[in-house]
J.: 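Just dropping this structure here.
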Amino acid sequence: SQKIEQNSEALNIQEGKTATLTCNYTNYSPAYLQWYRQDPGRGPVFLLLIRENEKEKRKERLKVTFDTTLKQSLFHITASQPADSATYLCALVNNAGNMLTFGGGTRLMVKP
Amino acid sequence: EAGVTQFPSHSVIEKGQTVTLRCDPISGHDNLYWYRRVMGKEIKFLLHFVKESKQDESGMPNNRFLAERTGGTYSTLKVQPAELEDSGVYFCASNLAGGQDTQYFGPGTRLTVL
């Protein structure tokens, strides 16, 4: 069955360091992959989208990589700030559908 | 521009009762999606409307769930009768173009069935 795995343990890092979050998937051929941020009591907020034929995407302090051979995406936040503390979700969409298939999310805590 | 809104924010009902959740998408967005997150699990797709038509309802768990989008504007999701396992957070999202277009999520409705 299709599976999307994100590290369920919280990631604790010091302010100013780079946070790296992992998303692995199996039995899936996504057309593209998205990363969302979710704060407590709120809905997911879109951050970045990367297509299957793209290796890397950047937006300000954010960088996403997509390796379809390894079936993995890495999400990096450089120069992290306490305000970056949140749960980060990866989501896949295949060619056939419009729906998002989410991973369980990883909670990031950036300490000052 | 107003975002996606959902009502109520919280609902506590007893097993066997009926609950109706409402979603108002961003104005002009033809595509509307329902998702839910049950405790300890990932967010899962329920269904997708294009205007008033159900494009994909493959994620609806059973026939106790009924979604409507009359007139292609707001949508309702009714659970009747509610069961304990229906507890969770129900999210609505919308977008303009479907497909690869970004989905904009509402804040969710937290449903607790006792």
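Naming convention: chains lettered A, B, ... in sequence-line order (proteins, then strands); numbering from 1 in each chain.
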J.: Please lay out, stage by stage, how B/Arg64 and B/Asp86 fare under the test salt bridge (charged side-chain N to carboxylate O under 4.0 Å, His left out).
T.: CA-CA 10 Å; B/Arg64 295 185 294 102; B/Asp86 301 332; 2.6 Å; yes
J.: Do B/Arg22 and B/Tyr74 form a cation-pi contact, if we require the NZ or CZ to be under 6.0 Å from the six-membered ring centre and within 45 degrees of the ring's axis?
T.: yes
J.: Identify whether the distance between the nearest side-chain nitrogen and carboxylate oxygen of A/Glu56 and A/Arg58 falls below 4.0 Å.
T.: yes
J.: Examine whether an atom of A/Gln6 lies under 4.5 Å from a heavy atom of chain B, and if so say whether it belongs to the side chain, the backbone or both; otherwise answer neither.
T.: neither
J.: Can we say A/Arg61 and A/Asp84 salt-bridge, meaning some charged N sits less than 4.0 Å from an Asp/Glu carboxylate O?
T.: yes
J.: Can you tell which part of B/Arg37 gets under 4.5 Å to a heavy atom of chain A, answering side chain, backbone, both or neither?
T.: side chain
J.: Heavy-atom pairs under 4.5 Å with chain A are the metric here; pick the option from B/Lys41, B/Gln6, B/Gln103, B/Gln55 that has the most.
T.: B/Gln103
J.: Side chain from CB out, backbone as N, CA, C, O: work out which of these in A/Leu89 comes under 4.5 Å of a heavy atom of chain B, or both, or neither.
T.: side chain
J.: With the threshold set at 4.0 Å, does a side-chain nitrogen-carboxylate oxygen contact exist between B/Lys54 and B/Asp56?
T.: no
J.: If I measure from the heavy atoms of chain A, does B/Tyr35 come under 4.5 Å with its side chain, its backbone, both, or neither?
T.: side chain
J.: Taking side chain as everything from C-beta outward and backbone as N, CA, C, O, which of these in A/Leu49 sits under 4.5 Å from a heavy atom of chain B? Side chain, backbone, both or neither.
T.: side chain
